[in-house]
Amino acid sequence: MTTARLPLFPLNAVLFPGLVLPLNVFEERYRAMMRELLKSDEDEPRRFVVVAIRDGRETAPTGTGMPDTTARPAITGRAPADGFGPDPVQTFHRVGCVADAATIRERADGSFEVLATGTTRVRLLSVESSGPYLTAEVEDLAEEPPGEDEGDEAGALAEGVLRAFRAYQKRLAGANERSLATGAELPDDPSVVSYLVAAATVLDVPTKQRLLQAPDTATRLREELTLLRRETAMIRHLPSLPATDLTRAPTHPN
């Protein structure tokens, strides 16, 4: 397995490969991370690991996943591991996702606006807190390759998941299925489908984490099919649930 040591960005959210992650970075420990990433050559990927918090909290006082709309001074005096317990690795889920920051824009107040994209899954091996921000030793976590029959199964499951997801979207929109346009084009690659649907479905963090950790695409798709059917049935009675964009996440304040 390929291992690397990368900056670690804990969130109360799960990032999936291929998905866009907007971040509003105002804490000094994460500002330091962004300043360091900006030192890298523009042609090189600016990579960090996003990992979901198992126990603890993001330090921002705003609600999880909501943009920070108020002016906020820099938060200083926090050690990299503050809020994450004496052994931070125990506070985080062990499977995360590498993010590549395509845009890191510093504001006049020293905070950062970041737009990153999930790339590959990784497993946390250890967490280091001796520097200005957390870093983690991680190893690549490739999906188990499908056998010949399993590949055919994943393709069939992806078609079923896409049908179920379209029905789910329409229920979220509160519209009659026959009167609503299909909307954006959806991919047909089973692995891509599995990640996009996992990100776009309104689920809690433990459920999304379980989908991220699935050993292979077919397993993820099977669980998604069950979840989508369940959620679609439930929101018939909850028509006010918000519709979710397929490829973008809410801004996370940190």
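Throughout, residue positions are numbered sequentially from 1 according to the sequence presented.
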Apply the test side-chain contact (heavy atoms from CB on, under 4.5 Å) to residues R46 and L38: give CA-CA distance (whole Å), side-chain angles for both, the deciding distance (0.1 Å), then the verdict.
CA-CA 8 Å; R46 293 165 173 166; L38 282 173; 3.8 Å; yes
Yes or no on side-chain contact (heavy atoms from CB on, under 4.5 Å) for L124 and V138, after CA distance, side-chain angles and deciding distance?
CA-CA 5 Å; L124 267 65; V138 297; 4.2 Å; yes
T119 and R47: side-chain contact (heavy atoms from CB on, under 4.5 Å), yes or no, with the steps?
CA-CA 9 Å; T119 58; R47 302 192 304 156; 5.6 Å; no
With side-chain contact (heavy atoms from CB on, under 4.5 Å) as the test, would you mind laying out the steps for R222 and E153 before giving the verdict?
CA-CA 10 Å; R222 276 193 295 270; E153 180 191 14; 2.6 Å; yes
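For R123, the CZ atom is loosely surrounded, since the number of other residues' heavy atoms within 6.0 Å does not exceed 12.
Between V95 and Q209, the closest heavy-atom pair is O-NE2, 2.9 Å. Residues P190 and A154 share a closest heavy-atom pair of CB-O, 3.8 Å. Residues A99 and V50 approach most closely at CB-CG2, 4.1 Å, considering heavy atoms. Across all their heavy atoms, A101 and V114 have their closest contact at CB-CG1, 4.1 Å. Heavy atoms only, all atoms of each residue included: A32 and P132 are closest at CB-CB, 4.1 Å. Scanning both residues, F26 and R31, for their nearest heavy atoms gives O-NE, 2.8 Å.
Between T201 and L211 there is no side-chain heavy-atom pair separated by less than 4.5 Å. The closest side-chain heavy-atom distance from Y30 to P10 is below 4.5 Å. Residues P22 and L115 form a side-chain contact, since some pair of their non-hydrogen atoms from C-beta on lies under 4.5 Å apart. For the pair Y133 and M34, the minimum side-chain heavy-atom distance is 4.5 Å or more. L227 has its side chain out of reach of Y168: every pair of non-hydrogen atoms, C-beta onward, lies at least 4.5 Å apart. You'll find the side chain of V20 reaches within 4.5 Å of the side chain of T117, heavy atoms only. Contact of the P17 side chain with the L212 side chain is registered, since non-hydrogen atoms from C-beta on lie closer than 4.5 Å. Contact of the H93 side chain with the V14 side chain is not registered, since no non-hydrogen atoms from C-beta on lie closer than 4.5 Å.
Atoms CZ and CG, on R54 and N12 in that order, are 13.0 Å from each other to the nearest 0.5 Å. Between E36 atom CD and F48 atom CZ the span is 14.0 Å, to the nearest 0.5 Å. Rounding to the nearest 0.5 Å gives a distance of 10.0 Å between CG of L23 and CD of E113. The CD atom of E137 lies 5.5 Å from the CZ atom of R5; values are rounded to the nearest 0.5 Å. If you take CZ on R105 and CZ on F112, they are separated by 12.0 Å, rounding to the nearest 0.5 Å. Atom CG of L6 and atom CG of L134 lie 13.0 Å apart (nearest 0.5 Å).
Qualifying salt bridge (charged side-chain N to carboxylate O under 4.0 Å, His left out) partners for R210, counting only residues two or more places apart in sequence or in other chains: E223. Scanning for side chain to side chain donor-acceptor pair (under 3.5 Å) contacts around E143 gives Y195, T217, R220, with sequence neighbours left out.
Of the possible polar contacts, one joining the S40 side chain to the L37 backbone as a donor-acceptor pair under 3.5 Å is found. Side chain of D109 to backbone of S111: a donor-acceptor contact under 3.5 angstrom is found.
Aromatic ring centres of F92 and F84 lie closer together than 6.0 Å.
Ion pairing between R171 and E231 fails under the 4.0 Å rule for side-chain N and carboxylate O. In summary, K39 and E44 do not engage in a salt bridge, as defined by a charged side-chain N under 4.0 Å from a carboxylate O.
The cluster map of Ile, Leu, Val, Met, Phe, Trp and Tyr, joined by side-chain heavy atoms under 4.5 Å apart, puts L125 and V49 in different clusters.
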